[in-house]
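Whatever order the structure lists ligands and atoms in, that order sets their numbers, starting from 1. This is a predicted model, so every value here is computed, not measured. We use all heavy atoms of the structure for the numbers below, so side chains are in, but hydrogens, waters and symmetry mates are not.
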Amino acid sequence: MSNELHIRTPLIESLSLGQSWGKRVFLKMENMQPTGSFKIRGIGLLCQTGKAQGVRRLVSSSGGNAGYAAAYAGRKLNIPTTVFVPSTTSVELVRQIEAQGSEVRIVGDVWDETHEAALRFSQEMEALYVSPFDHPLIWQGHSTIVDEIIQEIGQPDAIVLSVGGGGLLCGVLQGLQRHNLSTTSVIAVETEGTASLAASLKAGELVTLDKITGVAKTLGAKTVARQAFEWSRQHPVQSVVVSDAEAISACLKFADDLKCLVEPACGASLSIAYQHHEVLESARRIVIIVCGGIGTSLEMLQTWRNSLEAAA
Ligand SMILES: *Cc1c(COP(=O)(O)O)cnc(C)c1O
């Protein structure tokens with residue numbers, strides 16, 4: 001689609017990360033999307049397709065990067081948009097979503113309640129419900145990341161990415177499949193408090209976590225999309241779980257190295273390059289998807305680091 005809402009992001013080789021690891025490391029800078037994360041790729045395609053089919057309202061249920069992407073899409077496509085957010089959403093994020101022209105409704109203390117309310121409202125309004133991760137058009141939109149990578153560097157040996165609900169994972173797997181790249185391994189990273197894919201792969205069935213803990217709330221889907229679980233068993237996907245401290249430390253190092261601020265959800269993937277070299281021993285050319293995120297300030301990262309250090 002020529003009038004897509006996302007941009008083609010830079011793929012930057014990091015010599016410092018590569019040298020310390022003895023590999024070539026390429027960073028796919030999705031933090032530079034107009035919405036600060038890759039989410040606009042899939043959500044943009046879903047909303048555009050909806051508009052072409054006559055959709056008159058968008059409804060999102062995310063107080064994070066997905067809600068912000070839906071708000072951005074609504075403004076660009078000129079479709080009234082309502083974003084339901086849980087009460088835990090920061091004032092700053094609510095303000096940013098409203099600044100895109102969306103109506104914000106604060107409902108529920110946990111995301112499941114917010115999601116229920118958003119779903120009901122979208123049915124009443126005959127609106128398009130914009131899931132944060134669970135829709136084939138979202139995966140198709142995210143899969144364009146792989147097209148761009150391949151156009152620039154050909155086939156990588158491995159792609160490192162973070163997993164929340166698994167939309168990004170599905171998109172990357174779909175892209176690899178389309179290019180017949182069944183030998184590129186995918187490293188699917190979660191934090192300890194959000195490891196719903198790891199739990200499902202271990203159990204051999206889709207598992208729902210009791211609760212989400214830790215700082216990487218963006219990765220906090222209690223259950224991953226069924227497709228993410230099933231496709232992970234058909235492709236070489238390695239599930240890795242890192243600590244909050246590692247994710248936070250990677251964000252702070254990355255800020256110094258690349259002069260970019262990203263969420264712990266993204267730091268989880270970056271921590272593979274900073275402190276989990278054992279994960280990818282034989283791979284030589286590695287792409288890390290810098291998924292981004294707008295929900296974290298430098299001050300938050302420093303506060304988290306200090307409180308984890310105090311507790312250690
Ligand atoms: C949404 C998001 C993720 C997780 O993506 P899923 O598609 O839910 O797996 C990771 N990082 C950031 C910054 C995100 O916005």
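Cys266 does not count as a contact of ligand 1, since none of its heavy atoms falls under 4.0 Å from the ligand. In this structure, Gly292 is part of the shell of residues with a heavy atom less than 4.0 angstrom from ligand 1.
Applying the 4.0 Å criterion to heavy atoms of Ala265 picks out, from ligand 1, the atoms 11 (N). In the vicinity of Gly167, heavy-atom distances shorter than 4.0 Å reach the ligand 1 atoms 6 (P), 7 (O), 9 (O). Atoms of ligand 1 found under 4.0 Å from any heavy atom of Asn65, numbered from 1 in the order shown, are 13 (C), 14 (C), 15 (O). Residue Gly293 has at least one heavy-atom neighbour below 4.0 Å for each of these atoms of ligand 1: 13 (C). Applying the 4.0 Å criterion to heavy atoms of Gly165 picks out, from ligand 1, the atoms 6 (P), 8 (O), 9 (O). Of all atoms in ligand 1, listed by their number and element, those nearer than 4.0 Å to a heavy atom of Leu219 are 3 (C), 4 (C), 10 (C). Interface of Val163 with ligand 1, defined as ligand atoms under 4.0 Å from a residue heavy atom, comprises 9 (O).
A salt bridge links Arg41 to Glu148: one of the charged nitrogens lies within less than 4.0 Å of a carboxylate oxygen. Under the 4.0 Å criterion applied to side-chain N and carboxylate O atoms, Arg8 and Glu152 are assigned as salt-bridge partners. A salt bridge links Arg95 to Glu92: at least one charged side-chain nitrogen sits closer than 4.0 Å to a carboxylate oxygen.
The aromatic rings of Phe84 and Phe121 are tilted relative to each other, their planes meeting at an angle between 30° and 60°.
A donor-acceptor contact under 3.5 angstrom links the side chains of Glu30 and Gln33, judged on distance only. When only modelled atom types and interatomic distance are considered, Ser269 and Ser162 share a side-chain donor-acceptor pair under 3.5 Å.
Among all protein heavy atoms, the one lying closest to atom 12 (C) of ligand 1 is Thr218 CG2, 3.5 Å. Ranking protein heavy atoms by distance to atom 11 (N) of ligand 1, first place goes to Cys291 SG, 3.2 Å. The nearest heavy-atom contact from the protein to atom 5 (O) of ligand 1 is Phe38 CZ, 3.4 Å. With respect to atom 4 (C) of ligand 1, the closest heavy atom belonging to the protein is Gly164 N, 3.5 Å.
In this structure, the separation between CD1 on Ile272 and CH2 on Trp21 is 7.0 Å, given to the nearest 0.5 Å.
Of the heavy atoms in Lys39, only side-chain atoms (C-beta onward) come closer than 4.0 Å to ligand 1.
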Test log, rule side-chain contact (heavy atoms from CB on, under 4.5 Å), inputs Leu46 and Val130: CA-CA 8 Å; Leu46 174 62; Val130 183; 4.0 Å; yes
Applying ring-ring contact (aromatic ring centres under 6.0 Å, His included) to His115 and Tyr129, what does each step give before you reach the verdict? CA-CA 10 Å; His115 169 74; Tyr129 174 69; 5.6 Å; yes
